[in-house]
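Reckoned from all heavy atoms, side chains included, excluding hydrogens, waters and symmetry mates. Atoms within each ligand, like the ligands themselves, are counted from 1 in listed order. Fair warning: this is a prediction, and the values are worked out from it, not measured in the lab.
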Amino acid sequence: MNVSAIALLGVPGAGKGTIAAGIKEKSSFVHVSTGDLLRDAVKGRTEVGLQAEAFMKRGDLVPDNVILDIVMERIARDTGERKYMFDGFPRTLAQAEMLKTQFDARGAVLFRVFLLEVSSEVALERLSGRRICKKCGANFHVVNIPPKKDGVCDVCGGELYQRADDQESTILNRLKIFHEQSAGLFSYYEEQGVLVRVDSSRNWKTVVDEILGMIAPSA
Ligand code: AMP
């Protein structure tokens, strides 16, 4: 298996989805968002979806083994040489360690981990104004990235909606959980020499260009 990957980490609202979409447009990375995979599973009423739904509604993390299974299953769908961009994964130290075991066994490598940094205030403001296309999943923001026509996706004309877990009480729980459960990841990746901290309070296009500049030889 000739596989390599980068990961985008950051508090909910750090801009992972928007930045991943920008990188995807200008590179050959395959975007793998665990949040999107889980939402699809919930929509499709699959076994994973039924297991995950209650955790997601509360803004809690879905169990690590479920997450690893959906990621490895997603990767197994492709063949040949490929590069993945993980978005919102890993979220815990246990996930990072399980991923390393799986990757080592396959000769795959996670060569860069970008930590998108924003303050809690910015994250809260971004999440509460976030709107997503029902059809193609494109991300907008009522103030920062407004669609040309209210409630309508610029990309495909689909209807925009607000995620159920983007309500303020759930957002606060998601931010708290990130600080409690994801913090251990940063020193883990720092020790491996793959962590890069990026100021994600800037315009998303600037952040995309900066990251592309750092992965350019392999983009
Ligand atoms: P996101 O779209 O990345 O904000 O994820 C939405 C929700 O999916 C999270 O609040 C969690 O409930 C769940 N989720 C997504 N990725 C993970 C992960 N790597 N580990 C555990 N739960 C996750």
Side-chain angles (χ1 to χ4, degrees), residues 5-21 23-24 31-44 46-75 84-103 110 113-116 118 120 122-134 136-141 160-186 188-189 200 204:
I6 61 170
L8 303 180
L9 311 182
V11 72
K16 298 185 295 291
T18 305
I19 287 160
I23 293 173
K24 184 180 162 195
H31 180 197
V32 175
S33 153
T34 43
D36 287 348
L37 290 174
L38 290 167
R39 278 183 289 278
D40 285 349
V42 170
K43 228 198 282 169
T46 67
E47 202 178 310
V48 165
L50 295 174
Q51 266 179 285
E53 191 170 22
F55 294 97
M56 296 174 77
K57 268 200 180 134
R58 292 191 301 266
D60 289 340
L61 293 186
V62 172
D64 294 327
N65 58 327
V66 175
I67 298 292
L68 254 294
D69 284 353
I70 59 163
V71 170
M72 296 317 293
E73 199 178 283
R74 171 66 192 79
I75 287 180
Y84 291 99
M85 170 173 44
F86 295 133
D87 159 2
F89 169 80
R91 280 270 229 287
T92 65
L93 189 54
Q95 288 179 19
E97 286 168 343
M98 286 189 220
L99 176 67
K100 184 156 172 28
T101 305
Q102 297 279 357
F103 263 28
L110 179 69
V113 175
F114 295 97
L115 174 57
L116 307 180
V118 292
S120 298
V122 169
L124 190 59
E125 190 265 333
R126 283 183 180 172
L127 290 175
S128 47
R130 174 157 76 176
R131 298 293 182 270
I132 297 166
C133 175
K134 264 190 185 160
C136 75
N139 273 243
F140 296 87
H141 186 279
L160 302 184
Y161 79 106
Q162 182 171 30
R163 265 170 52 176
D165 61 354
D166 279 348
Q167 311 297 332
E168 188 157 331
S169 59
T170 316
I171 291 175
L172 293 176
N173 187 39
R174 288 161 65 207
L175 296 178
K176 181 173 145 261
I177 283 184
F178 177 84
H179 292 296
E180 284 171 4
Q181 307 209 19
S182 299
L185 278 177
F186 314 146
Y188 175 79
Y189 284 127
S200 193
W204 66 272

Minimal non-hydrogen separation, F114 against I6, with atom names: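 Where F114 meets I6 most closely, the heavy atoms are CE1-CD1, 4.3 Å.
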
Value rounded to 0.5 Å, distance of CD1 in I171 from CD in E125: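 CD of E125 is found 10.5 Å from CD1 of I171.
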
Test item, R39 contacting ligand 1 (heavy atom, 4.0 angstrom):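 R39 counts as a contact of ligand 1 under the 4.0 Å cut-off.
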
Min heavy-atom dist R163 to ligand 1 below 4.0 Å: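 True for this residue.
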
F86 and Y84 aromatic ring geometry - parallel, tilted or perpendicular at 30°/60° bounds: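 The rings of Y84 and F86 lie parallel, inter-plane angle below 30°.
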
Proximal ligand 1 atoms for R174, defined as those under 4.0 Å from one of its heavy atoms: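 Those atoms are 4 (O), 10 (O).
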
Enumerated ligand 1 atoms positioned under 4.0 Å from heavy atoms of I67: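 Numbered from 1, ligand 1 contributes 17 (C), 18 (C), 19 (N), 20 (N), 21 (C), 22 (N), 23 (C).
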
Geometric cation-pi criterion, R163 with Y161: 6.0 Å, 45°: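 Judged by the rule, R163 and Y161 form no cation-pi pair.
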
G88-ligand 1 polar pair, N/O distance under 3.5 Å: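 For ligand 1, there is an N or O atom that lies under 3.5 Å from one belonging to G88.
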
Pair R174 + D166, salt bridge at N-O below 4.0 Å: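 Looking at R174 and D166, the cut-off is met.
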
Under 3.5 Å: donor-acceptor pair, side chain of S200, backbone of A14: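 The answer is yes, because a donor-acceptor pair under 3.5 Å joins these two groups.
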
Closest candidate by heavy atom, reference atom 1 (P) of ligand 1, pool M56, R91, Q95: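 Looking at heavy atoms only, R91 sits closest to atom 1 (P) of ligand 1.
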
Of the listed options D60, V62, D36, closest to atom 12 (O) of ligand 1 (non-hydrogen atoms):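 Selected option, by shortest heavy-atom distance: D60.
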
Top protein contact for atom 17 (C) of ligand 1, by heavy-atom distance: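 I find the closest protein heavy atom is T34 OG1, 3.6 Å.
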
Min side-chain heavy-atom separation K100-Y188 under 4.5 Å: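 Yes, close enough: below the 4.5 Å cut-off.
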
Proximity of L38 to ligand 1 by residue part, where a heavy atom lies under 4.0 Å: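 The answer is the side chain.
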
